[in-house]
Amino acid sequence: MRLIDDEPPAVPHRRLAPGKLVIASHNEGKVREIRALLEPYGIEPVSAASLGIPEPEETGTTFFANAELKARYSADLSGMVALADDSGLCVDALGGDPGVYTANWAETEDGTRNWPMAMRKVEDALQAKGPEAGRDAHFVCVLSLCWPDGHVESFEGRAEGTLTWPPRGTVGFGYDPVFVPNGDTRTFAELAPEEKKAISHRADAFRKLVAACLG
Ligand code: IMP
């Protein structure tokens with residue numbers, strides 16, 4: 001019998017069995033990083049694109065809501081466990097923007113994404129705040145695993161850093177060329193993939209997922 005009843009009982013996490021898993025993303029940069037993270041665990045990742053599964057509309061207002069809806073969509077259509085990532089850049093001086101709308105800031109009129117333009121927009125917004133505003137920022141990543149029966153497990157990771165200008169480096173994707181992680185002087189786009197894998201928001205979320213569902 002529980003004597004203290006204001007704490008909910010801990011619910012055990014569901015284990016992820018080896019086998020095929022759908023990566024519910026059409027972002028090549030994310031798919032590449034998630035594949036590298038999954039490799040050591042006997043998981044066979046297949047991309048949603050290779051199964052002809054389209055991207056659902058991201059109607060959520062939080063990273064958790066969007067990661068979950070993307071994972072659920074691919075799990076429903078494929079009948080397999082699906083893993084989705086929702087991530088973004090949060091700039092302190094901009095009240096956390098662009099946040100869940102990080103990809104939208106890169107959208108152009110013809111529907112393509114222009115990352116140099118998006119980085120410029122963030123820089124312009126930051127400069128409009130003046131030199132006192134500071135350049136602290138963090139990347140957030142929520143990874144959601146959804147099983148075909150609807151069960152979901154979600155984990156949040158972070159990478160803290162500052163924004164630099166002009167952009168530097170050619171590795172990585174998205175806003176990597178303007179983000180300098182704390183403890184380094186190079187941007188994410190100047191790090192080797194293995195170095196980014198050790199410290200990124202995606203790797204941080206993945207460590208939590210492994211501890212809960214794979215470890
Ligand atoms: P969404 O999760 O599809 O909404 O898109 C998030 C956007 O955040 C991506 O398209 C990237 O531009 C950006 N982003 C997320 N993770 C990273 C990263 O590791 N490096 C650079 N940009 C990132």
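Order of appearance sets the numbers: ligands from 1, and atoms from 1 within every ligand.
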*Asks:* Same cluster or not: M117 versus W165, using hydrophobic residues (I, L, V, M, F, W, Y) connected whenever any side-chain heavy atoms lie under 4.5 Å apart?
*Replies:*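 M117 does not cluster with W165.
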*Asks:* Once salt bridge (Lys or Arg N to Asp or Glu O under 4.0 Å) is applied, what residue pairs with a partner in residues 46-55 remain, sequence neighbours excluded?
*Replies:*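 The answer is none; no pair qualifies.
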*Asks:* Using a 4.0 Å cut-off to any heavy atom of K70, which atoms of ligand 1 qualify?
*Replies:*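 Matching atoms, with element in brackets: 1 (P), 2 (O), 3 (O).
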*Asks:* Taking a cutoff of less than 4.0 Å between a non-hydrogen atom of the residue and any ligand atom, is N27 in contact with ligand 1?
*Replies:*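 Heavy atoms of N27 do come under 4.0 Å of ligand 1.
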*Asks:* We want to know whether S78 and S74 form a side-chain donor-acceptor pair, criterion being a heavy-atom distance below 3.5 angstrom.
*Replies:*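 Side chains of S78 and S74: no pair found under 3.5 Å.
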*Asks:* Please work out which of K30, K196, E55 has its closest non-hydrogen atom nearest to atom 2 (O) of ligand 1.
*Replies:*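 It is K30 that holds the nearest heavy atom.
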*Asks:* Does W115 come within less than 4.0 angstrom of ligand 1, counting non-hydrogen atoms of the residue?
*Replies:*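 A heavy atom of W115 does come that close to ligand 1.
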*Asks:* Looking at ligand 1, would G88 count as a contact under a 4.0 Å heavy-atom criterion?
*Replies:*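 Judged by the 4.0 Å heavy-atom criterion, G88 does count as contacting ligand 1.
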*Asks:* Strictly distance-based, threshold 3.5 Å: is any side-chain N or O of K121 a donor or acceptor partner for the main-chain N or O of A106?
*Replies:*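 Flag not set: sc K121 to bb A106 has no pair under 3.5 Å.
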*Asks:* Would you say the side chains of S25 and N27 form a donor-acceptor pair under 3.5 Å?
*Replies:*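 The answer is no; no qualifying pair exists.
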*Asks:* Would you please determine whether F188 falls within less than 4.0 Å of ligand 1 on a heavy-atom basis?
*Replies:*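 F188: no contact with ligand 1 (<4.0 Å).
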*Asks:* Between atom CZ of R202 and atom CG of L37, what is the distance when rounded to the nearest 0.5 Å?
*Replies:*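 If we round to the nearest 0.5 Å, R202:CZ and L37:CG are 8.5 Å apart.
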*Asks:* Please list, in number order, the atoms of ligand 1 under 4.0 Å from a heavy atom of D176.
*Replies:*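 Numbered from 1, ligand 1 contributes 18 (C), 19 (O), 20 (N), 21 (C).
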*Asks:* Given the rule in the side chain to side chain contact (heavy atoms under 4.5 Å, CB included) test, do V122 and V178 qualify, once you have shown the distances and angles that lead to the verdict?
*Replies:* CA-CA 10 Å; V122 171; V178 290; over 6 Å; no
*Asks:* For atom 13 (C) of ligand 1, grab the closest protein heavy atom and report residue, atom and distance to one decimal in Å.
*Replies:*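 Here the nearest protein heavy atom works out to T102 CG2, 3.7 Å.
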*Asks:* Counting both backbone and side chain atoms, is some N or O of Y175 under 3.5 Å from an N or O of ligand 1?
*Replies:*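 Indeed, backbone or side chain, Y175 has an N or O that close.
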*Asks:* If hydrophobic clusters are built by linking Ile, Leu, Val, Met, Phe, Trp and Tyr wherever their side-chain heavy atoms come under 4.5 Å apart, do I34 and V22 end up in the same one?
*Replies:*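 No, separate clusters.
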*Asks:* Would you mind checking which non-hydrogen protein atom is closest to atom 4 (O) of ligand 1, with the distance to 0.1 Å?
*Replies:*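 Scanning the protein heavy atoms, the shortest distance from atom 4 (O) of ligand 1 goes to E58 OE1, 3.1 Å.
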*Asks:* Would you check whether E33 has a nitrogen or oxygen atom less than 3.5 angstrom from a nitrogen or oxygen atom of ligand 1?
*Replies:*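 There is no such contact.
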*Asks:* With heavy-atom distances below 4.0 Å as the criterion, list the atoms of ligand 1 near D86.
*Replies:*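 It comes down to these atoms of ligand 1: 1 (P), 2 (O), 4 (O).
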*Asks:* Give the residue and atom name of whichever protein heavy atom lies nearest to atom 16 (N) of ligand 1, and the separation in Å to one decimal.
*Replies:*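 For this ligand atom, the closest protein heavy atom is R202 NH2, 2.8 Å.
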*Asks:* Indicate, as side chain, backbone, both or neither, the part of F139 found under 4.0 angstrom from ligand 1 when only non-hydrogen atoms are considered.
*Replies:*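 Under 4.0 Å from ligand 1, F139 contributes side-chain atoms alone.
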*Asks:* Nearest protein heavy-atom contact for atom 15 (C) of ligand 1: which residue, which atom, what distance?
*Replies:*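 Going by distance alone, atom 15 (C) of ligand 1 is nearest to S87 OG, 3.1 Å.
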*Asks:* Sequence neighbours left out, what pairs pass side chain to side chain donor-acceptor pair (under 3.5 Å) with at least one residue falling in residues 170-180?
*Replies:*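 Every side chain to side chain donor-acceptor pair (under 3.5 Å) pair that includes a residue of residues 170-180, provided the two are not neighbours, is D176-K196.
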*Asks:* State yes or no: are the ring centers of F63 and H201 separated by less than 6.0 Å?
*Replies:*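 They do not qualify: ring centres at least 6.0 Å apart.
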